[in-house]
Each structure stands twice: as structure tokens, then as C-alpha cells.
Amino acid sequence: KSLKREHGSKWKFLEHKGPVFAPPYEPIPSNVKFFYDGKHMKLSPGAEEVATFFAKMLDHEYTTKDIFRKNFFKDWKKEMTAEERAKITDLKKCDFTEMSEYFKAQSEARKAMTKDEKLKIKAENERLLQEYGFCIMDNHRERIANFRIEPPGLFRGRGDHPKMGMLKRRIRPQDIIINCSKDSKHPEPPPGTKWKEVRHDNKVTWLVSWTENIQGSIKYIMLNPSSRIKGEKDWQKYETARRLKKCVDRIRTQYREDWKSKEMRIRQRAVALYFIDKLALRAGNEKEEGETADTVGCCSLRVEHIKLYPENEGLEYVVEFDFLGKDSIRYYNKVPVEKRVFKNLQLFMENKEPDDDLFDRLNTSVLNKHLQELMDGLTAKVFRTYNASITLQQQLKVLTSADENIPAKILSYNRANRAVAILCNHQRAPPKTFEKSMQNLQAKIDAKRDQLSDAKRELKSSKADAKVRRDEKSKKIEEQLMKLEVQATDREENKQIALGTSKLNYLDPRISVAWCKKWGIPVEKIYNKTQREKFAWAIDMADDDFEF
DNA sequence: GTACTGACTTGACTTTAAGTTT
DNA sequence: AAACTTAAAGTCAAGTCAGTAC
């Protein structure tokens with residue numbers, strides 16, 4: 001039934017210019033020295049380039065981490081000449097400080113460039129964008145998302161990654177697979193080089209691919225979210241979530257029934273699904289141990305990740321979750337659950353070690369196969385999309401009051417958005433400048449308050465003929481003050497919450513567009529330019545009465 | 001069922017550009 | 001016009017999920 005199976009082809013015509021490669025390595029000046037064991041050493045170009053990657057990271061904490069250093073040193077040695085390898089045997093004896101200083105100076109110099117030089121760079125970037133940043137797909141000129149190939153450097157995974165510090169190698173034309181249509185003008189590899197392959201596969205959407213050397217996974221160049229191909233897929237995603245809305249009651253009834261099943265695998269499936277639905281947890285594929293950071297999702301939860309409290313803070317049957325999820329972001333939550341769920345969890349945990357799987361009879365593939373039977377196109381992540389979007393719609397209804405002005409309404413919108421971000425556990429590190437910027441804002445508010453009381457005093461003491469004008473003036477100031485205060489509240493509430501991810505990936509944009517239309521809020525207040533481009537389909541489509 | 005691959009979406013963070021203040 | 005602040009764009013890692021081979 002899905003679009004894919006009915007007509008597998010994604011395009012008929014595809015033409016593009018291929019990728020933009022990372023700039024070649026520029027050797028550092030000879031007066032910038034590297035020291036080994038206190039003695040100056042001139043490195044071969046290959047070894048020097050990799051050394052500069054480390055030097056550039058010297059200020060980061062991870063260059064002090066054992067795993068990082070060990071991985072780096074191992075890969076660095078591979079790039080050394082035999083003589084270098086014989087000599088450089090201990091990373092601790094390597095002194096990269098001159099290199100590090102050199103790069104800091106370089107970045108300072110870049111900041112201090114004249115306007116003219118900056119303009120030149122900008123023009124060159126624009127030229128590159130115009131030449132390589134677009135493709136032709138089926139009669140449309142479409143923007144490409146990432147037409148530049150990732151430069152070489154040291155891999156830094158998120159969290160406690162066993163491969164941190166490994167060398168991410170330089171991608172060359174012979175690593176590149178080009179995908180385009182037969183009847184298009186094929187992109188030319190740089191002079192004297194060849195592509196790995198040119199293929200014409202219209203069952204996929206990517207233009208360029210290569211295999212990355214850290215995990216051995218494939219990287220792609222694909223189209224921008226504003227493109228037809230991405231937009232249609234996005235729309236389809238929300239339509240699937242809306243279909244879930246129609247049958248979610250039935251599914252909930254069923255999994256509650258399944259908590260009582262005689263079969264362990266069915267009980268586990270039903271409890272896991274309950275978590276995915278209620279807490280918006282991710283599916284949780286199993287991961288290769290030792291290849292990636294130790295993170296989990298619902299199906300891969302281990303006994304050590306939850307604690308059961310028959311009674312906690314006056315509530316019955318409380319489950320405490322504490323685990324690292326995607327990107328090693330901590331998920332911590334204490335939730336009361338139904339008695340049956342609680343009893344099942346006790347059962348699942350019986351006679352298990354902390355590092356045993358909580359759902360030992362379940363994985364994402366089993367779960368998704370089951371979901372597929374409940375509804376066409378249903379998978380675990382559809383619940384996240386559905387619950388996020390329905391929460392936004394419902395929160396907007398609760399929080400928006402007709403008599404408020406635009407800034408207050410936008411605060412309500414952001415609060416609804418925040419409720420979703422909290423549900424989905426979209427956290428961020430508080431911005432480094434957070435305290436400072438709060439203070440600045442507070443200072444502005446104080447100044448505005450003073451200004452207002454001045455204006456009010458003037459109003460009182462003024463004569464009748466000036467009253468109207470001065471009244472208007474203080475009204476205006478009052479409005480400005482209110483706006484600042486709303487801004488401060490919003491910023492404070494948003495300290496550790498990231499709204500972007502849910503806005504871009506989970507919230508059906510038609511809900512937001514409809515809300516804007518209903519309350520006479522310009523869409524620009526909610527979506528910036530890029531977002532409006534991405535959601536153009538929704539802006540065109542949704543009326544003020546759109547219901548998710 | 002299990003292991004593995006490929007394609008595509010999601011995610012936090014960093015860098016750059018734009019806007020505002022001094 | 002420099003300095004600072006904030007918003008947007010870019011980066012690239014890490015998920016999801018379907019398909020294939022055994």
C-alpha cells in the first residue's frame with residue numbers, strides 16, 4: 001500500500017555536479033615546530049597532517065582521555081614513516097603546543113580579516129553553492145543538503161565512545177559512488193582521478209555516497225528538506241501518524257489485554273509498547289558491543305535501567321527510569337504505572353542480573369512486525385510522531401487564550417512546543433552565555449520599568465491637552481515592557497530544553513500553520529525562512545480548521 | 001531467528017551570519 | 001565600525017527500519 005511498493009522509482013531524471021571535496025592539506029610553516037621528548041622533529045607530510053588534527057583539539061578535554069589517546073596514537077603511527085614510527089613511541093612525549101598556538105593565531109587572523117576579504121570568501125562560497133549546491137530532479141532545480149564532503153579529522157563520537165580519537169580518513173574521488181540518471185550529464189571527477197562507480201539507481205534518493213572508515217557505514221549526499229522528495233516523505237510520515245490516531249484506542253485496548261497473556265513474549269511486547277506509547281521512548285535496536293557507546297532504547301532496556309517502587313512519594317507502582325539514550329543523553333523519569341505493568345516488570349526482572357535484557361523475548365524487529373499487523377505502516381517511531389503532534393495540538397488548545405496579545409500567544413505556542421520537547425526528552429546543555437544573557441535581559445527590563453514610571457509621572461503632572469499623547473506613550477512603553485518580560489520567561493523556561501528537534505521532526509506543521517491562521521499570527525513568528533521552505537507544503541495546504 | 005547492509009531520519013552541538021549595541 | 005549577542009546554518013554522529021542472505 002505504501003508509495004514505495006506501488007511505484008518504487010523515486011525520480012526519472014537526475015543531474016548534478018558531484019561533491020565538493022575537502023581542501024587539500026596545507027603544510028604548516030617550517031617555523032612551527034613539533035617536539036618529541038623535548039627535541040625538534042620535522043614530520044613527514046602525512047604524519048604532520050594527522051598531528052595537526054590532534055593539535056587542533058588540544059584544548060578539549062577528550063585529548064586527555066585514555067581511549068582517545070590510544071586510538072589516536074595507533075592511527076597516527078600508521079601514517080608515519082618507518083623512521084618516525086621507530087622514534088615516536090610515546091604520545092606523552094609529543095609536544096604539539098606550537099602547532100596548537102599556530103592554529104589559534106590562524107583563527108584569530110580569520111576573525112580580524114577586512115570586510116573586503118570576508119566579502120571575497122562569501123562570494124566564492126556563493127559561487128560554489130550555485131555550481132554544486134543544486135541538482136536537477138525531474139524538471140526541478142532542487143537544493144542539495146550537504147554537497148561538501150566531510151574533511152578528514154579525528155573521530156569524536158558522542159558519550160563514551162570506544163572509537164573516539166580514531167583517524168577519519170580523507171575521502172578521495174576513487175571512494176565516491178555517483179548516482180544520476182543515464183541521460184544526464186554525468187559529473188566529472190577532478191582532473192587525473194576517477195570515481196569509484198557511476199550508477200543509475202532511481203530506487204534511491206541519494207546523489208553521492210561513500211563508505212566511512214570508522215564504523216564502515218555509508219554516507220550520502222541527499223537533497224535539502226525543501227525538496228519535493230523530502231517534503232512528500234515528510235507529509236506521508238504525518239499522514240501515517242494521523243492514521244494511528246484513528247486506531248490508537250483499539251491498539252491501547254489490545255496491549256492492555258496482552259498484559260494478561262499466558263505467553264511471556266506477548267506480555268513483554270505489550271509492556272514495551274505501553275512504554276513507547278506513554279513515554280515516547282525510541283524503539284531501541286540492539287547495538288554491537290564495543291563498536292559504539294553503550295546506549296539503549298525501549299527494547300534494549302536492561303534490568304539495571306529501571307527500579308521498581310511499590311510505593312513512592314505517596315504514589316503506587318512507581319517505575320524509575322535511568323538510562324542513556326540516543327547521543328548518550330540521559331533519560332531520567334519516575335512514573336506511576338498500572339498495577340499489571342508493575343507486576344509484569346517484577347516478573348521480567350526475576351532471576352536476572354543487572355546487565356541482562358529487561359525484555360529478553362523482544363526486539364525491535366519482532367515489535368515492528370507486530371505493529372505492522374495492527375496498522376499498515378505502523379512502526380515504533382510512529383508513536384513518537386503521533387504523541388508529539390497530538391500533544392502540541394491539545395496543549396495549544398489549552399494554553400492559547402483569545403484575549404492575549406501576540407507575544408503572549410507566542411509564549412503559549414512555545415510552551416506547547418516545550419511540553420512536546422519534554423515528552424521526547426529533547427535536552428540541551430544550557431548555553432554557555434545563558435546567565436549573562438539573562439542578566440542583560442533583566443537589565444533591559446529594569447530600564448524599561450524606570451522608563452515606564454517616568455512616563456506615568458509625566459502623565460499625571462501633565463495638562464489635559466498633553467494627556468492623550470502621553471497616555472499613548474506610556475501604553476507603548478507598557479507593551480514593550482510586557483514583551484521583554486515574556487521573552488525573559490520564555491528564555492528561562494527554555495534553559496535546558498531544545499525545541500528545534502521536535503519542531504523539525506515530530507510536529508505536524510499543519511497544526512502550527514492552522515494555529516497561526518486561527519489567531520492571526522504571522523507564520524514567520526513561528527517558522528524562520530528555512531523552516532518555511534521545509535514546510536512549504538503545509539503552509540500551502542492547511543486552513544485554520546485543520547485537525548491533526 | 002540472526003546477522004548484516006543500506007537508506008533514510010533524527011539529534012545535539014559548533015560555526016557562521018545577521019542583528020543590535022556601543 | 002568595532003564589539004557583542006542572538007539566530008540560523010552547518011556538521012556529522014546516531015538512531016530507525018526494511019530488506020537480504022543464511
Side-chain angles (χ1 to χ4, degrees), chain A residues 2 4-5 10 60 107 110-112 114-115 118 121-122 125 129 133 145-151 153 155-159 161 163-164 168 177 179 201 203-206 209 211-212 214-220 222-225 229-230 233-234 237 276 282-288 291-293 295-300 324-329 361 363-369 371-372 377-385 388 421 424-429 431-434 436-437 439-441 443-444 487 491 496-506 527-531 533:
Chain A
S2 75
K4 205 175 154 196
R5 255 170 291 162
K10 308 284 176 67
H60 281 107
S107 89
R110 223 171 309 127
K111 272 185 218 156
T114 64
K115 218 187 217 165
K118 283 183 185 166
I121 292 174
K122 202 177 162 185
N125 279 335
L129 173 67
N146 54 324
F147 58 91
R148 287 167 199 273
I149 289 197
E150 297 170 17
F155 176 81
R156 170 60 185 142
R158 323 263 164 92
H161 198 115
K163 297 195 171 183
M164 64 168 83
K168 205 169 97 166
I177 302 174
N179 192 33
D201 180 0
K203 302 285 183 287
V204 296
T205 67
W206 54 267
S209 78
T211 301
E212 155 272 342
I214 304 289
Q215 323 273 357
S217 63
I218 308 170
K219 298 253 183 172
Y220 303 93
M222 291 184 187
L223 295 194
N224 199 67
I229 210 155
K230 294 288 185 187
K233 196 81 190 300
D234 208 31
K237 172 180 80 183
I276 284 171
R282 295 187 186 84
N285 284 305
E286 51 268 68
K287 305 170 73 186
E288 235 180 313
E291 297 291 300
T292 54
T295 62
V296 298
C298 186
C299 294
S300 51
L324 298 182
K326 181 176 177 181
D327 293 325
S328 291
I329 296 292
R361 305 287 173 85
N363 62 41
T364 54
S365 141
V366 167
L367 177 65
N368 280 332
K369 276 200 190 98
L371 293 176
Q372 194 59 242
L378 187 62
T379 64
K381 90 186 179 92
V382 178
F383 281 88
R384 238 166 115 79
T385 311
C424 295
N425 199 41
H426 292 143
Q427 303 187 27
R428 64 167 182 178
K432 283 181 185 67
T433 54
F434 185 82
K436 177 119 184 302
S437 90
Q439 276 171 18
N440 290 348
L441 194 52
K444 272 191 190 173
Q487 203 186 341
R491 195 178 293 181
Q496 305 200 66
I497 317 276
L499 300 186
T501 301
S502 49
K503 205 177 204 178
L504 251 35
N505 300 302
Y506 289 103
Y527 292 137
N528 67 32
K529 185 164 134 303
T530 335
Q531 294 168 160
E533 282 165 9

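The chains referred to below are lettered A, B, ... by the order of the sequence lines, with proteins before strands, and numbering in each begins at 1.
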Given Watson-Crick and G-U pairs under 3.5 Å, DNA chain B in dot-bracket ([ ] crossing, | other strand) is ||||||||||||||||||||||
Given protein heavy atoms under 4.0 Å, the one-letter contact record of nucleotides 13-22 of chain B, with B base, S sugar-phosphate only and - none, is simply S----S--S-
Protein-proximity profile, nucleotides 3-10 of chain B, B/S/- by nucleotide at the 4.0 Å heavy-atom cutoff, equals ---SBBSB
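As judged by a 4.0 angstrom heavy-atom cut-off over every strand, A:G325 is placed among residues touching the sugar-phosphate backbone only. Residue contacts shown for A:G284 are limited to sugar-phosphate atoms, with no base heavy atom under 4.0 Å away. In this structure, A:R361 reaches neither bases nor backbone, as no heavy-atom distance under 4.0 Å exists between it and the strands shown. A:N224 comes within contact range of no nucleotide atom at all, as no heavy-atom separation falls under 4.0 Å. Residue contacts shown for A:P151 are limited to sugar-phosphate atoms, with no base heavy atom under 4.0 Å away. A:A380 comes within contact range of the sugar-phosphate backbone alone, with a heavy-atom separation under 4.0 Å but no base atom that close.
Between the CG atom of A:N505 and the OG1 atom of A:T385 there is a distance of 9.0 Å, given to the nearest 0.5 Å.
Between A:K168 and C:dA13 there is a side-chain N or O to OP1 or OP2 distance below 4.0 Å. The phosphate of C:dC17 has neither OP1 nor OP2 within less than 4.0 Å of any side-chain N or O from A:S365. For A:N285 and C:dT16, the shortest distance from a side-chain N or O to OP1 or OP2 is below 4.0 Å.
Under 3.5 Å, the side chains of A:E212 and A:S217 contain a donor-acceptor pair of N or O atoms.
Across all their heavy atoms, A:C424 and A:A388 have their closest contact at SG-CB, 4.3 Å. When all heavy atoms are compared, the tightest approach of A:D201 to A:V204 is O-CG2, 3.4 Å.
Annotation: side chain of A:F147 is in contact with side chain of A:L129 (closest heavy-atom distance under 4.5 Å). A 4.5 Å side-chain heavy-atom check between A:I218 and A:I177 finds every atom pair outside the cut-off. A:L504 is listed as a side-chain neighbour of A:Q531, based on a closest heavy-atom distance under 4.5 Å.
Comparing atom distances between the A:E150 side chain and each of C:dA13, C:dG15, B:dA12 picks out C:dA13 as nearest.
The residue from A:N368, A:T364, A:L367 that alone fulfils the side-chain contact (heavy atoms from CB on, under 4.5 Å) condition with A:T379 is A:N368.
Mapping A:K219 and A:T379 onto DNA chain C by nearest heavy atom places A:K219 closer to the 5' end of the strand. Positionally, the nearest nucleotide of DNA chain C for A:L441 lies more toward the 5' end than for the other of A:K529 and A:L441.
The aromatic rings of A:H161 and A:F155 stand perpendicular to each other, their planes meeting at an angle above 60°, with 30° marking the opposite boundary.
At most 12 heavy atoms of other shown residues, nucleotides or ligands fall within 6.0 angstrom of atom NZ in A:K122. Heavy-atom contacts from other residues, nucleotides or ligands closer than 6.0 Å to NZ of A:K444 number 12 or fewer.
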